[in-house]
There are 2 protein chains.
Amino acid sequence: MLNERSLSVTQDCGDCPIRHRAVCARCESDELDRLEEIKYYRKFEAGQTVIWSGDKMDFVGSVVSGIATLTQTMEDGRTQMVGLLLPSDFVGRPGRSTAAYDVVATTDLVMCCFRKSPFEELMGRTPHIAQRLLEMTLDELDAAREWMLVLGRKTAREKIASLLSIIARRDATLHLKSGGGGPLTFDLPLTREAMADYLGLTLETVSRQISALKKDGVITLEGKRHVTVPDMERLLEEAGDDADGGMFA
Amino acid sequence: MLNERSLSVTQDCGDCPIRHRAVCARCESDELDRLEEIKYYRKFEAGQTVIWSGDKMDFVGSVVSGIATLTQTMEDGRTQMVGLLLPSDFVGRPGRSTAAYDVVATTDLVMCCFRKSPFEELMGRTPHIAQRLLEMTLDELDAAREWMLVLGRKTAREKIASLLSIIARRDATLHLKSGGGGPLTFDLPLTREAMADYLGLTLETVSRQISALKKDGVITLEGKRHVTVPDMERLLEEAGDDADGGMFA
DNA sequence: CGCACAGTTGAATGAGCTCAATACTTGTGG
DNA sequence: CCACAAGTATTGAGCTCATTCAACTGTGCG
């Protein structure tokens, strides 16, 4: 079923694009050597499922490139995204043997994986890994709580504006763009349906609100996915966040 | 402003009711001794604010008894609860100096506190503390993601049923009641307004849905706060969870 | 071409919100 | 003791925003 391909090249950790942000960020070179021994890459195509909720999960790993989603589904099919996994994000939980959520690649995806038991064993001997994992988990918890406010209290328009702000901000930090008042540009990595699942909306409402923000000049669209934000302050106001904000991360 | 009273008695960690579930759960007796040296108790009355979002936070700690809430507020006053803190839960984030959320005592509250820097220093030397904190943070992240499904995709009735299920389950584990099919009984530790803030609803909708569940025989009420659940399976169905569920924790 | 998929837009519906009235409890002060 | 205010909860009526259901467009692919 899985059309997964192994990477022929094994990348050197020293050249890894997520070296200083992933779970290995704090490792010294000798610790990195030990991780390097047990790592392996896995590649997934856009749309492929990395793992199903409830399945046995015998590995953990980091997203190296591409984007994946964490989703929960009710029996009647309602689904809610509970995490958006970007490069450097960690997948899997040490100490748990089955996956709690569906993990799906929304773009082509490369992961740096470790079999669970060697990783857990290594983590027990390497405080730098556990420290970094704690830090990352606390950050994720903060992000989850931020999203609880979005899901529970914001209007559809504010939800869309919030999502666009987050993608814009993240894109800016990833590509080191100027934070100045200039126009900001990025691609939406999600379909309308995925955005709806993220925001607790229907895809029709997502489409309508994006159209509305376009009509009101808050954003400009080229094609369906390429977004330009002429005034970031304005977008943040629409999101219901404090305009001079940015105290989140 | 704060009408806080210090506890005259300092409890021995050996007798502590949260000894094996709090952040200190994995500590050996010598590690516990070092924690005991730097701990101090703080007591808050129902309704008191423990700390305001944005304020300097120079301590961390565990809830020993009572209940507190973590809430986020938008400029226009809309508020969303993002955490419910029960005995053994941890408050504060090592490595961050200001509070990210409002923390409010909803019942009389006792906390076991540590000044932040001694605690961080001790944590650096005591892997058992960091390990336990990681475990607890991962659990909280799972709980937050469960709530994202509730907030994003469930109906008002399902939201209320979900909240009642969680309180019932927690109360059962806390008081070691029979898990059998018998009727279950507990007190609501939250006002209708607090429930609304938890569930992303208005307090009127909370009141209406509780009345509806009562009318339909899913629950019985004595007074406004004391709930009886004759059939837990039924309540779980109403919550939209798998009836034979319990695979969460 | 024909089909699948992503997206947009319209019209009607409804779940939950807003506004408002009422009731019950608790504590305070004359 | 009662009057009164404040806090909590319930219930009703009308409205609104997001959903549902549906039609339609555009694009890529076998």
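Every chain is numbered from 1, with letters handed out A, B, ... down the list of sequences.
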To the nearest angstrom, the CD1-C1' distance between A:I210 and D:dA18 comes to 15 Å

Are the side chain of A:S53 and the backbone of A:A100 linked by a donor-acceptor contact shorter than 3.5 Å? yes

(message) If the threshold is 4.0 Å, N to carboxylate O, is there a salt bridge linking B:E140 and A:R145?
(response) yes

Contacts of A:F90 meeting ring pair (Phe, Tyr, Trp, His ring centres under 6.0 Å) (sequence neighbours excluded), chain-then-number -> A:F119

The correct set of residues in residues 216-227 of chain A placing a heavy atom under 4.0 Å from DNA chain C is A:K224, A:R225

Check your understanding: Are the side chain of A:D231 and the backbone of A:E233 linked by a donor-acceptor contact shorter than 3.5 Å?
Key -> yes

Go through B:L109 and B:I67 one step at a time and tell me if the side-chain contact (heavy atoms from CB on, under 4.5 Å) criterion holds. CA-CA 6 Å; B:L109 182 74; B:I67 291 176; 5.8 Å; no

- Taking NZ, NE, NH1 and NH2 as the nitrogens, is one of them in B:D89 or B:R21 under 4.0 Å from a carboxylate oxygen of the other? no

For residues 147-155 of chain A, which side-chain donor-acceptor pairs fall under 3.5 Å, sequence neighbours excluded?
from: A:W147; atom 1: NE1; to: A:Y198; atom 2: OH; distance (Å): 2.9
from: A:R153; atom 1: NE; to: B:T79; atom 2: O; distance (Å): 2.7
from: A:R153; atom 1: NH1; to: B:L201; atom 2: O; distance (Å): 3.0
from: A:R153; atom 1: NH2; to: B:A196; atom 2: O; distance (Å): 3.0
from: A:R153; atom 1: NH2; to: B:D197; atom 2: OD1; distance (Å): 3.1
from: A:R153; atom 1: NH2; to: B:L201; atom 2: O; distance (Å): 3.0
from: A:K154; atom 1: NZ; to: A:S162; atom 2: OG; distance (Å): 3.0
from: A:K154; atom 1: NZ; to: A:A239; atom 2: O; distance (Å): 2.8
from: A:K154; atom 1: NZ; to: A:D241; atom 2: OD1; distance (Å): 3.0
from: A:T155; atom 1: OG1; to: A:E158; atom 2: N; distance (Å): 3.2
from: A:T155; atom 1: OG1; to: A:E158; atom 2: OE1; distance (Å): 3.3

With B for base contact, S for sugar-phosphate-only contact and - for none (protein heavy atoms under 4.0 Å), nucleotides 24-30 of chain D reads -------

Has the side chain of A:D108 got a donor or acceptor atom that lies under 3.5 Å from a matching backbone atom of A:A46?
yes

When rounded to whole Å, the CD1 to P distance for the pair B:I160 and D:dT10 reads 10 Å

**Prompt:** When you measure from the side chain of B:S165 to the backbone N and O of B:A161, does any donor-acceptor pair fall under 3.5 Å?
**Reply:** yes

Rounded to whole Å, CG of A:L213 lies from P of C:dT8 at a distance of 12 Å

Each nucleotide of nucleotides 9-23 of chain C classed B (base within 4.0 Å of a protein heavy atom), S (only sugar-phosphate) or -, in 5' to 3' order, makes BBB----SSBB----

Residues 201-223 of chain A vs salt bridge (charged side-chain N to carboxylate O under 4.0 Å, His left out), sequence neighbours excluded, gives A:R157-A:D216

